[in-house]
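Please read the structure below before turning to the comments.
Residue indices begin at 1 and follow the sequence shown. Below, each value reflects all heavy atoms present in this structure, side chains not excepted, and no hydrogens, waters or symmetry copies.
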Amino acid sequence: MKKDNIKKPLHYIILLILAGEAVFILPFVLARVFRATVLDVFQVTNTQLGYCFSIYGLVALVSYLFGGPLADKFQPRKLMGISLILTAIGGFVYANNPSYTTLKILYGYWGFTTICLFWAGMIKATRIWGGTDSQGKAFGFLDGGRGLVGALFGLLGVLIFAFLMPDNDVDLNTVEQRQAFKAVILITSGIVILIGLLVYFFLKLDTKATIEKETIKEHITLKNIKDVLQLKAVWLLMIIILCAYVGYKVTDIFSLYAKDVMKYSEIEAAQTGTFLLFIRPVVGVLIGVLADRSKASLYLCIGFLLSIIGASIFASGVLPDNTTLFFFTSIVITAIGVYAVRVLYFAVMQEGKIPLTLTGTAVGLISFIGYTPDIFAGPMIGYFLDGWNGEQGHSYVFIALGIFSTIGFLASILFYKHSKQISTTPKA
């Protein structure tokens with residue numbers, strides 16, 4: 001592959017990593033690590049929490065379409081910095097034990113702040129940093145680094161929570177527990193604001209470089225959108241990301257599975273969720289490096305295949321109670337598959353010949369379909385978990401994961417064949 005001459009400053013990717021996960025800590029990571037706590041502190045069911053995620057997804061759906069062109073018109077650092085600060089402000093509402101109605105409004109607000117002003121800008125900035133020869137590494141570092149940041153936030157939250165709790169076995173409705181979780185949210189919000197300020201002022205490439213200015217378009221026309229929609233790679237990525245994102249949503253329930261099925265304590269369940277977060281950075285870096293040495297789309301296929309295997313283990317009910325080694329091995333298999341696909345689904349944009357100058361527009365259109373699980377995955381998971389108690393409800397969730405992973409596997413094979421075809425087709 002032809003090498004580029006774009007400088008890749010370390011501080012740039014570090015800030016992208018910090019920002020890329022920090023913006024989602026409040027709406028998603030805390031709910032993933034403290035799932036059982038969130039349900040009891042806010043007095044909501046799995047289905048109701050799923051509806052909050054759906055409202056987030058509905059707002060995000062529109063935000064993807066508007067945010068994509070914004071990323072092609074404005075510098076990523078400004079959009080991302082403002083997004084982080086606005087998201088953190090929502091955290092102060094979250095910390096004050098909002099009602100279910102307020103919680104739904106808050107998730108709608110976060111759907112705007114984390115997507116319209118942030119998402120496409122982050123993807124475009126990462127693609128610029130990666131250049132033509134290091135897309136796998138760029139997105140591998142981004143997602144792997146985001147996983148590490150998320151894990152550290154989760155670990156910090158667990159430590160604060162455990163420190164402030166007088167007894168790990170105390171009932172969830174106590175004042176002490178509410179205050180402990182409030183402290184976790186407030187400290188998290190303060191850190192997110194700090195990262196937002198750093199991004200706004202310091203997420204810059206070498207001032208001598210012109211690549212950022214060259215990728216800014218003064219006007220986004222209907223023809224630009226039409227050109228993007230004519231690319232087969234764009235349509236395949238819509239399917240691939242949709243299926244992959246269902247898998248990522250399912251990882252939210254591993255801590256709950258540990259509590260409901262494996263009979264772990266609340267702190268042990270939260271530690272299970274944090275353990276899952278630490279798998280992500282390892283997978284991100286390794287898969288990113290490997291993808292640059294081969295074809296990223298090939299590793300997409302492998303990732304979906306591992307997801308199918310992991311989903312089959314959990315759905316089959318073969319995991320015996322209190323068998324920790326088998327349980328964590330199954331988590332690792334599933335997580336490697338889910339995170340490998342997550343690392344690469346935007347890294348293959350270069351392979352699919354999607355123009356750099358229209359990255360934001362392409363990301364917006366792809367995400368409009370690809371991230372619809374933000375709308376339906378939460379209620380779907382909640383429906384199964386609330387409708388069937390214990391292991392049976394979890395089994396149905398993993399059956400759904402297996403179905404979506406199979407569809408994603410087939411779409412990835414088509415993308416792999418398409419990328420080989422366009423790479424060998426001579427230019428007119």
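- If you take CD1 on I85 and CD1 on I89, they are separated by 7.5 Å, rounding to the nearest 0.5 Å.
- For the atom pair CE of M122 and OG1 of T114, the computed distance is 10.5 Å after rounding to the nearest 0.5 Å.
- For the residue pair G20 and V23, the shortest heavy atom distance occurs at O-CG1, 3.9 Å.
- Between F314 and F254 there is a side-chain heavy-atom pair separated by less than 4.5 Å.
- Residues Y345 and I240 come closest through the heavy atom pair CB-CG2, 4.2 Å.
- No side-chain heavy atom of F376 sits under 4.5 Å from any side-chain heavy atom of S54.
- Summarising the geometry of G68 relative to A120, their closest heavy-atom pair is CA-CB, 3.8 Å, with the distance given to 0.1 Å.
- The shortest distance between side-chain heavy atoms of L84 and I193 does not fall below 4.5 Å.
- The side-chain heavy atoms of I115 and Y56, taken from C-beta on, include a pair separated by under 4.5 Å.
- Side-chain contact check for L237 versus I354: some heavy-atom pair is nearer than 4.5 Å.
- Atom CZ of F66 sits in a sparse spot, with 12 or fewer heavy atoms from other residues, nucleotides or ligands closer than 6.0 Å.
- Results of the side chain to side chain donor-acceptor pair (under 3.5 Å) test with K124 over D72, T361, T359 single out D72 as the only residue that passes.
- Taking a 6.0 Å sphere around OH of Y248, one finds it holds more than 12 heavy atoms contributed by other residues, nucleotides or ligands.
- Aromatic rings of W110 and F24 (six-membered ring for Trp) have centroids beyond the 6.0 Å cut-off, not under it.
- We find the CD1-CZ distance between I25 and F28 to be 11.5 Å, quoted to the nearest 0.5 Å.
- To the nearest 0.5 Å, the span separating CD on Q75 from NZ on K204 amounts to 8.0 Å.
- No donor-acceptor pair under 3.5 Å is formed between the side chain of S367 and the backbone N or O of G364.
- Atom CZ of F328 has more than 12 heavy atoms from other residues, nucleotides or ligands within 6.0 Å.
- Between F398 and Y257, the two ring planes are perpendicular [angle over 60°; tilted spans 30° to 60°].
- Using a 30° and 60° split on the angle between ring planes, W119 and Y64 fall in the perpendicular class, above 60°.
- Side chains of Q48 and Y100 form a contact here, defined as non-hydrogen atoms less than 4.5 Å apart.
- Summarising the geometry, atom OG1 belonging to T37 is positioned 11.5 Å from atom CZ belonging to R178; distances are rounded to the nearest 0.5 Å.
- To the nearest 0.5 Å, the span separating CG on L231 from NZ on K226 amounts to 13.0 Å.
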Should T87 and T113 be marked as a side chain to side chain donor-acceptor pair (under 3.5 Å) after you check the CA-CA gap, both sets of side-chain angles, and the distance that decides it?
CA-CA 6 Å; T87 299; T113 64; 2.9 Å; yes
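- The shortest non-hydrogen separation linking P373 to V246 is CG-CG2, 3.7 Å.
- Taking the six-membered ring wherever Trp is involved, the centroid distance between the rings of F404 and F409 does not fall below 6.0 Å.
- Of all non-hydrogen atoms in G247 and L401, the two that sit nearest each other are CA-CD1, 3.4 Å.
- In this structure, Y383 and Y396 have side chains that are not in contact, with every pair of non-hydrogen atoms separated by 4.5 Å or more.
- The two residues W129 and P9 have their closest heavy-atom pair at NE1-O, 3.1 Å.
- Neither side chain, T372 nor Y245, offers a donor N or O lying under 3.5 Å from an acceptor on the other.
- A salt bridge is absent between K420 and E351; no separation between the charged side-chain nitrogens and carboxylate oxygens falls under 4.0 Å.
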Worked verdict on R35 versus L49 for side-chain contact (heavy atoms from CB on, under 4.5 Å):
CA-CA 10 Å; R35 179 90 177 200; L49 184 60; 4.0 Å; yes
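- Within the 4.5 Å cutoff, no side-chain heavy atoms of F34 are placed close to those of V41.
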